[in-house]
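Worksheet: one structure, shown below.
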Amino acid sequence: MSPEGTRRGGIALHWRILAGLVIGAGLGIAANLTLGPGNAAVAWICANLAQPLGQVFLRLIFMVVLPLVFSALTLGVVEIGDVSRLRRMGLTTLALTVLLSSGSVAIGLSLVNTLRPGDHLSETTRVELRTRFTAGESTARAVAQSHQAKPMREVLIDLLPKNPLQEMVGALDGSSPGGGMLAVMVFALLFGIAITLVPERTGPLVSVLEGLYDVSMAVIGMAMAIAPLGVAGLTFSLTATLGLEILSTLAGYVATVLLALALHATVVYAAALAAIARVNPLRFAADGSDALVTAFATSSSNATLPTSLRVAEDKLGIHREVSRFVLTVGSTANQNGTALYEGVTVLFLAQVFGVDLSLSQQITVVLMSVLAGIGTAGVPGGSLPLVAIVLVSVGVPAEGIGIILGVDRLLDMCRTAVNVGGDLVIAACVQRRESRRFD
Ligand code: ASP
């Protein structure tokens, strides 16, 4: 799924997705304004054409969520363990990754809780959305689940699955007996740590996991290939029934994500650069701009890696040993912008569906978003499967992703720039700590 691989007929994927959004929204609004929201012909088109198109796209993503999350997280840990010969550097990178990601999720959640962009919908629209994205009983279950929050003690114990397979089976529809997807993630982390303890006997197992990861990514590639049609279908059926109201709510959501990303970059990154790396943040941003622009244009941390490496070594003066390690691991494992976006999206959709999240559920969102940031592939749309699982784990219908898909590409460009910026910031901080070794 390299950006090159996403071109068809010379038109890059993001332009085709944008076209899908504009055409779907244009036709939907036109139908809503001229024929009215309840028109029978429009309802038929929505039910038999537009929504099935969107569903095919979403199901291609959902079907590989479990293998993808399991293999990505396990391999992520194995990779960090592998390089534990560079122990100090590995630990500093890991600590900074968790610190910066937690900061970014905290900023995102505070903003979305303050601005509440999903609250501006009328009750009729909310009910319409619930019926559309969940079928009868599961709607009731989703909303009911949100009211039956478990005590913190149980939430923590449930992080360790009694039977990981049972947790996996129920992870996508919220029917797991214990911690659901979060428990699956903890299992993957422990599995990865265990592999690093017996490296001499686990080579073939790691190869199988790499194969599983590649195959899952290939299926995501298929989903992205039909993304323009899926987005057009989903946006048409949303706007045809709900009109302009849904568009203004989405504008509020986009503004919240962008504001939170800007705050994270200008406050948290600047503070880390000034306090830990002891460099001037403005100068750093100017010198690193090639990498940031490439990330914005490609929406892929992985595709930006060669540019980041060049920028780090040539312009930011970061030692090759540090940049190779931190930027390579970071292009997949350190995704602050993505973690922030995932937290905001889950809370926004909870607001849209009228699902009240308890404190322990919000803490679950924070934990899962930080972990999801680590487990997200550095490719365009890599975080969508992860958003789905965080949604399910707090009782919000995963299909709700259909509401935000149309605007996702713009947000993807911006969060990827923040992700890559974060990798460079951590590299600069690690460089400072390691500087004595290079003197
Ligand atoms: N596109 C992002 C990246 O490559 C991942 C995501 O948030 O979808 O960093």
Side-chain angles (χ1 to χ4, degrees), residues 62 65-78 80-81 91 94-95 97-99 101-106 108-109 113 137-138 140-198 209 333 339 342-343 345-347 349-350 353 355-376 385-398:
F62 291 159
V65 161
L66 278 162
L68 185 64
V69 168
F70 183 74
S71 53
L73 266 181
T74 308
L75 289 171
V77 176
V78 172
I80 295 181
L91 284 180
L94 188 67
T97 298
V98 173
L99 190 77
S101 296
S102 313
S104 74
V105 179
L109 294 195
N113 270 326
E137 277 174 36
S138 60
R141 193 177 58 212
V143 179
Q145 260 181 8
S146 73
H147 295 303
Q148 299 164 2
K150 284 193 252 171
M152 202 56 199
R153 180 189 67 245
E154 257 176 65
V155 173
L156 292 178
I157 292 180
D158 276 347
L159 288 181
L160 288 174
K162 203 190 274 173
N163 179 346
L165 291 182
Q166 223 173 5
E167 299 296 337
M168 287 183 192
V169 170
L172 279 184
D173 61 8
S175 65
S176 308
M181 199 64 205
L182 196 51
V184 175
M185 286 178 158
V186 171
F187 176 61
L189 292 179
L190 290 178
F191 202 80
I193 294 172
I195 288 180
T196 63
L197 297 179
V198 277
L209 287 169
E342 284 168 355
T345 303
V346 171
L347 260 72
L349 289 175
F353 285 107
V355 177
D356 260 340
L357 298 183
S358 65
L359 184 63
S360 69
Q361 283 172 312
Q362 296 223 11
I363 292 176
T364 306
V365 174
V366 175
L367 279 178
M368 288 194 79
S369 301
V370 172
L371 277 179
I374 297 177
T376 296
L386 282 297
V387 175
I389 57 174
V390 187
L391 284 172
V392 172
S393 66
V394 291
V396 180

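Positions are given from 1, in the same order as the sequence printed here. On a predicted model such as this, the values are computed, not experimentally measured, just so you know.
Shortest non-hydrogen contact noted between Ala188 and Thr74 is O-OG1, 3.4 Å. Closest non-hydrogen pair, Val387 versus Glu342, comes out as CG2-CG, 3.6 Å. For Val78 against Thr196, the heavy-atom pair with the smallest separation is CA-CG2, 3.8 Å. Ser369 and Ala339 make their closest contact through O-CB, 3.4 Å (heavy atoms, listed as atom of the first residue, atom of the second, distance). Here the shortest heavy-atom pairing between Gln362 and Leu109 reads O-CD1, 4.3 Å. Nearest heavy-atom pair, Leu209 versus Ser71, reported as atom, atom and distance to 0.1 Å: O-CB, 3.6 Å.
Looking only at side-chain heavy atoms (C-beta outward), Leu189 and Leu371 come within less than 4.5 Å of each other. The side-chain heavy atoms of Met368 and Leu386, taken from C-beta on, include no pair separated by under 4.5 Å. Within the 4.5 Å cutoff, the side chain of Val355 has no heavy atoms near those of the Val394 side chain.
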Verify side-chain contact (heavy atoms from CB on, under 4.5 Å) between Leu160 and Leu190, making sure each step is shown before the conclusion.
-> CA-CA 10 Å; Leu160 288 174; Leu190 290 178; 4.0 Å; yes

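Atom CD1 of Ile195 is separated from atom CG of Leu75 by 7.5 Å, given to the nearest 0.5 angstrom. The distance from atom CD of Glu167 to atom CG of Leu159, rounded to the nearest 0.5 Å, is 10.5 Å.
No donor-acceptor contact under 3.5 angstrom links the side chains of Thr364 and Gln361, judged on distance only.
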